[in-house]
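No experiment lies behind these values; they were computed from the predicted model shown. We count ligands from 1, going down the list as the structure has it; atoms in each ligand are counted the same way.
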Amino acid sequence: MDLGISGKQAIVCASSKGLGLGCARALAEAGVNLVMNARTAGPLEASADAIRSEFGVDVVAVAADVTTQEGRSKILDAAGPADILVNNAGGPPPGKWSDWSRDDFIAAIDANMLAPIALMQASLPGMMERGWGRVVNITSQSVKAPIGVLGLSNTARTGLTGFVAGTSRQVAGSGVTINNLLPGIHATDRAISLDGGVVKARGITMEEAKAERCASIPAGRYGTIEEFGAACAFLCSTRAGFIVGQNILLDGGGTNATI
Ligand code: NAP
């Protein structure tokens with residue numbers, strides 16, 4: 001299927017590895033030019049180089065912290081008028097509901113709610129003026145079904161989801177769609193770190209932690225960044241113009257819900 005977005009310009013935040021990288025690679029495969037971002041320059045440059053040589057698209061790598069205004073300005077300046085925005089950042093640490101301080105909440109809200117909102121506020125007016133745009137926010141299955149130890153994520157991402165629900169319906173008439181992708185467990189460094197937390201808390205091995213998690217997923221495995229990226233690229237395509245304000249789970253059936 002031709003996604004119809006060859007030659008468009010995308011910003012993909014937090015994309016040197018993991019789910020963001022999966023999205024960047026799938027967009028590049030569809031012919032989209034990229035601004036990629038992460039805080040650490042080395043791995044970011046390596047991923048950008050690989051995409052340039054594999055797909056022949058233009059890639060600008062911006063080493064910056066997306067949770068800061070300065071970082072976001074660098075990313076926006078590098079992209080110029082962007083047609084596609086993929087919002088992403090690192091996830092908050094696990095813990096217990098009673099232990100988190102105001103500062104812990106502010107850090108999570110900055111990364112997983114206010115940073116994507118600020119980038120949408122900066123990008124949406126130009127997209128609407130040009131009559132076409134796509135925004136995909138990487139959130140979490142924790143929006144549909146809370147994950148106890150990830151209360152900071154449950155809280156911040158639900159706030160972002162409310163903003164998207166209202167805003168997506170105000171911009172859709174200008175040819176701009178905003179949707180959220182909700183990952184369940186995917187084979188990335190984030191998953192290794194979450195499994196590492198289970199190993200530490202329960203005194204089991206990494207293999208046992210992974211096997212337990214797989215047993216709770218009807219698909220019986222972790223998702224891949226390629227599967228995740230393909231879903232993102234489709235939402236960013238010309239084919240997906242009637243999908244507005246949706247929260248799409250990619251969780252191998254892990255969330256046990258009818259709708
Ligand atoms: P990952 O493999 O750890 O990759 C995170 C990426 O984000 C890296 O490129 C990292 O590079 C970059 N990054 C982190 N903080 C950043 C910041 N402040 N500014 C710019 N770049 C930043 O994580 P992932 O698994 O892809 O997860 C991506 C998001 O999905 C996270 O919010 C995570 O909580 C959520 N999620 C993941 C899963 C899963 O199973 N993997 C499930 C549900 C939700 P630097 O460290 O160099 O900045």
Just do the side chain to side chain contact (heavy atoms under 4.5 Å, CB included) check on Leu181 and Cys232 with the steps written out, would you?
CA-CA 7 Å; Leu181 280 180; Cys232 176; 3.7 Å; yes
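For the side-chain contact (heavy atoms from CB on, under 4.5 Å) criterion with Met120, the lone passing option out of Thr167, Asn137, Val176 is Asn137. Checked against Ile11 for a side-chain contact (heavy atoms from CB on, under 4.5 Å), the options Asn37, Leu76, Leu119, Asp83 give a single hit: Leu76.
Remark: among candidates Arg39, Arg157, Arg190, Lys17, the nearest residue to atom 48 (O) of ligand 1 is Arg39, based on non-hydrogen atoms. Taking all heavy atoms of Asp251, Asp65, Thr40 into account, the minimum distance to atom 47 (O) of ligand 1 is reached by Thr40.
Residue Pro183 places a heavy atom under 4.0 Å from ligand 1. Residue contacts with ligand 1: Leu21 is excluded, as none of its non-hydrogen atoms falls under 4.0 Å. Assignment of Arg213 to the shell around ligand 1 is not supported, since no heavy atom sits closer than 4.0 Å. Judged by the shortest distance from any of its heavy atoms, Ser47 lies outside the 4.0 Å radius around the atoms of ligand 1.
The cluster map of Ile, Leu, Val, Met, Phe, Trp and Tyr, joined by side-chain heavy atoms under 4.5 Å apart, puts Val35 and Leu44 in different clusters. Neither Leu235 nor Val143 shares a network with the other; the hydrophobic side chains, linked directly or stepwise wherever heavy atoms of I, L, V, M, F, W or Y lie under 4.5 Å apart, form separate groups for each. There is a path of hydrophobic side-chain contacts, each under 4.5 Å, that joins Leu160 to Leu114. In the hydrophobic clustering of ILVMFWY residues, with side-chain heavy atoms under 4.5 Å counting as a link, Val86 and Val135 come out apart. In this structure, Leu194 is a member of the same hydrophobic cluster as Val149, with clusters built from ILVMFWY side-chain heavy atoms closer than 4.5 Å.
In this structure, a donor-acceptor pair under 3.5 Å is absent between the side chains of Ser73 and Glu70. Side chains of Asp103 and Ser101: no donor on one and acceptor on the other come within 3.5 Å.
No N or O atom of Pro92 sits closer than 3.5 Å to an N or O atom of ligand 1. For ligand 1, the polar-atom distance check finds no N/O of Gln141 at less than 3.5 Å from any of the ligand's N/O atoms. Residue-to-ligand polar distances keep Ile185 apart from ligand 1: every N/O pair is separated by 3.5 Å or more.
Under 4.0 Å from ligand 1, the heavy atoms of Ala89 that appear belong solely to its backbone. Under 4.0 angstrom from ligand 1, the non-hydrogen atoms of Thr139 all belong to its backbone. In Ile138, the part holding a heavy atom less than 4.0 Å from any atom of ligand 1 is the side chain.
Of the protein's non-hydrogen atoms, Leu19 CD1, 3.8 Å is the one closest to atom 37 (C) of ligand 1. The nearest heavy-atom contact from the protein to atom 38 (C) of ligand 1 is Gly184 O, 4.0 Å. The nearest heavy-atom contact from the protein to atom 6 (C) of ligand 1 is Ala14 O, 3.7 Å. The protein atom (non-hydrogen) at minimum distance from atom 10 (C) of ligand 1 is Ser16 OG, 4.2 Å. In this structure, the protein non-hydrogen atom closest to atom 40 (O) of ligand 1 is His186 N, 2.8 Å. Taking atom 19 (N) of ligand 1 as the reference point, the nearest protein heavy-atom neighbour is Val66 N, 3.0 Å.
Listed by atom number, the atoms of ligand 1 under 4.0 Å from Ser140 heavy atoms are 43 (C), 44 (C). Residue-ligand proximity, Thr67 to ligand 1, at heavy-atom distances under 4.0 Å covers atoms 18 (N). Within the listing of ligand 1, atoms 19 (N), 20 (C) sit less than 4.0 angstrom from a heavy atom of Ala64. Of all atoms in ligand 1, numbered sequentially from 1 with element shown, those under 4.0 Å from a heavy atom of Asn37 are 20 (C), 21 (N). Counting atoms of ligand 1 from 1 in the listed order, those under 4.0 Å from a heavy atom of Thr188 are 2 (O), 24 (P), 25 (O), 41 (N). Annotation for ligand 1: atoms under 4.0 Å from non-hydrogen atoms of Asn88 are 28 (C), 29 (C).
For the pair Lys96 and Asp99, the salt-bridge criterion is not met [side-chain N within less than 4.0 Å of a carboxylate O]. Using a 4.0 Å cut-off between charged nitrogen and carboxylate oxygen, Glu54 and Arg25 count as a salt-bridge pair.
Formation of a donor-acceptor pair under 3.5 Å by the Ser168 side chain with backbone atoms of Thr177 is not found in this model. Judged by distance alone, with hydrogens and angles left aside, the side-chain atoms of Thr188 form a donor-acceptor pair with the main-chain N or O of Arg190 at under 3.5 Å.
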